[in-house]
A.B. asks: 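What follows is a single structure, and I will ask about it in a moment.
By convention in this document, chain letters (A, B, ...) are assigned in the order of the sequence lines, proteins followed by strands, and residues within each chain are numbered from 1. All values below come from the heavy atoms of this structure, side chains included, with hydrogens, waters and symmetry mates left out.
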Amino acid sequence: MIYIGAEEIISPLGETAAKNFSAMAENRTGISLIPNAGFNKISVHLSKILSLPQESQFENLTASMLISVSGKIDKNVLSSAKTILIISSTKGELKDNMTDPFGQSVASLMARFELVNQPIVISNACVSGVLAINAARNFIAARLYEHAIVIGCDLISDFVVYGFQSLFAMSDEPCIPFDANRKGISLGEGCGAVVISNTVSIFKESPLKLLQGTSANDANHISGPSRTGEGLYRSVKKTMEINQISDNEIDFISAHGTGTIYNDEMESIAFDRLSLTDVPLNSFKGYFGHTLGAAGVIETAASIQMIRKEILVKSLGFSETGTSKVLNVITENKKAKLHTILKTASGFGGGNASLIIQKL
Amino acid sequence: MSFITSYCHLNNENCSVNGEIIAERDRESEDSWFKQLYKSQEFVYPKFYKMDTLSQSGYLLSEMIKRAQPSLITSYNDDEIAMLFANQFSSADSDLRFEKSYKEQGTPSPALFVYTLPNIVLGEIAILNKWYGENMFAVLPKFAPDFFVNYIDILMSAGTKAVLCGWLGITGEQVNVFVFLVEKEGLAGNEFNTGNLAQIAGPGLL
């Protein structure tokens, strides 16, 4: 069996998973109007960590995260020869070093924490986080490593804000995924982490079970979602089939739910084709914004917290169905014992990825 | 067991398929080196002109692999072909060009922004070939045969039957691109292992 746990989140809502979960349980958002942050000095809604240092933000955040995570597991794991660090990110330390966004930060993490194995950066747009967790599990299942620390981290920069503005993809209000009045994304920044291992005893708090996940390309468009949800459909179908999980076993879906018209519509079509429209579902983007390469890890960590605390957290901002297929979007927090949950992600480049976590 | 069934190298001066040089750069030409290749190979895919250099290189070499090893397009279901690409500097060249659009040219260019992710090349190849398989783009400090051997074994044990792989080293004027195909059936001597992969990759990459 392969375990997942030691989840952590650093976001505008707090610097631990527990603080983030408390904020989510109170339905607080990290998104606020940031003056002059957009192109031509327009104000934009972002989920921005206001206390970050000016320089080396990526290295500082990932290092803080490694310290937090190592406090939640056996102290020998981090520097073990049987441990791999996998980092999911789209832009790394772009603000300081556009020509080499990962090289320096990763090298200094390696030296500072005495990591034995060369860390792997997975940079697959918005599916990076789910893909990184799946890759970690695959490495352990293949017995190449015994433990993997997966850290997802992305920062807000003029670069990404101006880019999404140029695509007219940014909402002028906090994002409201799956809602009829949704207008686009709110960008976010943050860092998430999970530890994956074949050894239950390394975790200080009881872990959960991570099943084998999969990915599939849409083969449709580099920046637009498939109209039929083909890639997402295929990835979820494969993940359910290889694990012999049926649709009625899934207790909760942590969807990608960016808040753009086409993405959320695509997801509704894919979930309809998978007979998953009755399953309680949310998007965490209303709390964290879209944290790009970090999203899959932050949202998996948040989902694990929901399983532990036995609360289905509502999909913040949603009030009226806005997709052609009606999904069971969670509108109020409620107590629920969750056993099996599905996490999905979709992104630029046609990527789609999915994973399943079960309570032990 | 699996086999390296075809491979292409592309550097600043020439392009080779399975070790045979098929094109050499004309320094006098008005066309970019990648455009020279596109024309000389008589490829027809107008979208090529919209792509960034990372995607252009992936497109060109994947088309050459398909010519050298037609089994890639005839022997597999659309979800049995995976792609595993990597490089050192992510999409740095496109990132610099997009930054220039808003810092020097007055407005952020959406056409440049959509290429500021290294995995877009995987999307371009998937779209062209209608491949729905597993995809991953990794950023590593240097070409690492172990990484490819380990991860391709993992993909192959989970239903993938062919993996198109690439190291897309493109920075400024420096071009060092290596694309190779791994399949379950192949010729003795070309077994897919770190030794053979390192040898085929050549000294320019290691």
A.B. asks: Please identify which of these residues, A:Tyr162, A:Phe348, A:Phe164, A:Phe39, meets the ring pair (Phe, Tyr, Trp, His ring centres under 6.0 Å) condition with B:Phe113.
C.D. replies: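 So, applying the ring pair (Phe, Tyr, Trp, His ring centres under 6.0 Å) to B:Phe113 and each of A:Tyr162, A:Phe348, A:Phe164, A:Phe39, only A:Phe164 qualifies.
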
A.B. asks: Which atom names give the shortest non-hydrogen contact between A:Ser215 and B:Glu134, and what distance separates them?
C.D. replies: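 Smallest interatomic distance, heavy atoms only, reads OG-OE1, 2.7 Å.
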
A.B. asks: Out of A:Asp158, A:Leu131, A:Val106, which one racks up the most heavy-atom pairs below 4.5 Å with chain B?
C.D. replies: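 Of A:Asp158, A:Leu131, A:Val106, A:Leu131 has the most heavy-atom pairs under 4.5 Å with chain B.
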
A.B. asks: Does the side chain of A:Thr99 come within less than 4.5 Å of B:Leu96's, by heavy atoms?
C.D. replies: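 Result yes, sub-4.5 Å side-chain heavy-atom pair found.
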
A.B. asks: Counting only non-hydrogen atoms closer than 4.5 Å, does A:Ala353 touch chain B with its backbone (N, CA, C, O), its side chain (CB onward), both, or neither?
C.D. replies: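 Neither part.
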
A.B. asks: Can you find a pair of side-chain heavy atoms, one from B:Phe147 and one from A:Ile120, that are under 4.5 Å apart?
C.D. replies: yes

A.B. asks: Heavy-atom pairs under 4.5 Å with chain B - which of A:Asn40, A:Ile86, A:Asn97, A:Leu144 has more of them than the others?
C.D. replies: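 Option with the top pair count is A:Leu144.
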
A.B. asks: With a sphere of 6.0 Å drawn around NZ of B:Lys47, does it hold more than 12 non-hydrogen atoms of other residues, nucleotides or ligands?
C.D. replies: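 Atom NZ in B:Lys47 is packed in, count exceeds 12.
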
A.B. asks: Between chain B and each of A:Val160, A:Val127, A:Thr90, A:Thr214, count heavy-atom pairs under 4.5 Å; write down the option with the most.
C.D. replies: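 Top option by heavy-atom pairs under 4.5 Å: A:Thr214.
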
A.B. asks: Are side-chain heavy atoms of A:Val121 and B:Leu140 found at a separation under 4.5 Å?
C.D. replies: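 Contact flag for A:Val121/B:Leu140 side chains = no.
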
A.B. asks: Going by atom types only, do A:Asn138 and B:Tyr151 share a side-chain donor-acceptor pair under 3.5 Å?
C.D. replies: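 Note: A:Asn138 and B:Tyr151 side chains meet the donor-acceptor criterion.
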
A.B. asks: By a 4.5 Å heavy-atom criterion (distance strictly below it), what part of B:Ser109 contacts chain A: side chain, backbone, both, or neither?
C.D. replies: backbone

A.B. asks: For the CE atom of B:Met136 and the CG atom of A:Asn124, what is their distance to the nearest 0.5 Å?
C.D. replies: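 Going from the CE atom of B:Met136 to the CG atom of A:Asn124 covers 7.0 Å.
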
A.B. asks: Just wondering, are more than 12 heavy atoms of other shown residues or ligands nearer than 6.0 Å to CZ in B:Arg27?
C.D. replies: yes

A.B. asks: Please check if the number of heavy atoms outside A:Phe168 that lie under 6.0 Å from its CZ is greater than 12.
C.D. replies: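 Atom CZ in A:Phe168 is not packed in, count stays at 12 or less.
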
A.B. asks: Taking atom CZ as the centre, does A:Arg273 end up with more than 12 heavy-atom neighbours from other residues, nucleotides or ligands that are less than 6.0 angstrom away?
C.D. replies: yes

A.B. asks: Answer whether the closest heavy-atom distance between the side chains of B:Ile154 and A:Phe139 falls below 4.5 Å.
C.D. replies: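 When only atoms from C-beta onward are counted, A:Phe139 and B:Ile154 do touch, with a gap below 4.5 Å.
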
A.B. asks: Counting only heavy atoms not in A:Lys41, do more than 12 fall under 6.0 Å of its NZ?
C.D. replies: no

A.B. asks: Could you tell me which of B:Gly123, B:Ala126, B:Pro110 has the largest number of non-hydrogen atom pairs under 4.5 Å with chain A?
C.D. replies: B:Pro110

A.B. asks: Could you tell me which portion of A:Asp218 (side chain, backbone, both or neither) has an atom closer than 4.5 angstrom to a non-hydrogen atom of chain B?
C.D. replies: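 Looking at A:Asp218, just its backbone touches chain B.
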
A.B. asks: Non-hydrogen atoms of chain B under 4.5 Å away: do they reach the side chain of A:Ile87, the backbone, both or neither?
C.D. replies: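 For A:Ile87, there is no contact with chain B at all, as no heavy atom is under 4.5 Å.
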
A.B. asks: Quick check: under 4.5 Å, non-hydrogen atoms only, which of residues 230-245 of chain A neighbour chain B?
C.D. replies: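 So far as heavy atoms go, A:Glu230, A:Arg234, A:Lys238 are the residues that approach chain B to under 4.5 Å.
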
A.B. asks: Taking everything shown except A:Gln212 itself, do over 12 heavy atoms lie less than 6.0 Å from its CD?
C.D. replies: yes

A.B. asks: Answer yes or no: are there more than 12 heavy-atom neighbours, outside B:Tyr45 itself, under 6.0 Å from its atom OH?
C.D. replies: yes

A.B. asks: Hey, is NZ on A:Lys95 packed in by over 12 heavy atoms from elsewhere, all under 6.0 Å?
C.D. replies: yes

A.B. asks: CE of B:Met83 to CG of A:Asn217: how many Å apart, nearest 0.5 Å?
C.D. replies: 6.0 Å

A.B. asks: Decide yes or no for B:Asp95 and A:Phe159: does some side-chain heavy atom of the first lie under 4.5 Å from some side-chain heavy atom of the second?
C.D. replies: yes

A.B. asks: Mind listing the closest non-hydrogen atom pair of B:Thr116 and A:Lys91 along with its distance?
C.D. replies: O-NZ, 2.5 Å

A.B. asks: Please identify, among A:Gly347, A:Ser223, A:Gly349, A:Gly163, the residue contributing the most non-hydrogen atom pairs under 4.5 Å to chain B.
C.D. replies: A:Gly163

A.B. asks: Side chain, backbone, both or neither: which part of A:Ile222 has a heavy atom under 4.5 Å from chain B?
C.D. replies: both

A.B. asks: Could you check which of A:Ser88, A:Ala125, A:Gly103, A:Ser128 has the highest count of heavy-atom pairs closer than 4.5 Å to chain B?
C.D. replies: A:Ala125

A.B. asks: In the structure I gave you, are the side-chain heavy atoms of A:Gln165 and B:Pro108 within less than 4.5 Å of one another anywhere?
C.D. replies: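 No, too far: nothing below the 4.5 Å cut-off.
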
A.B. asks: What part of A:Ser123 lies closer than 4.5 angstrom to a heavy atom of chain B: side chain, backbone, both or neither?
C.D. replies: both

A.B. asks: If the condition is salt bridge (Lys or Arg N to Asp or Glu O under 4.0 Å), which residues does A:Glu93 pass it with, not counting sequence neighbours?
C.D. replies: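 A:Glu93: no salt bridge (Lys or Arg N to Asp or Glu O under 4.0 Å) contacts found.
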
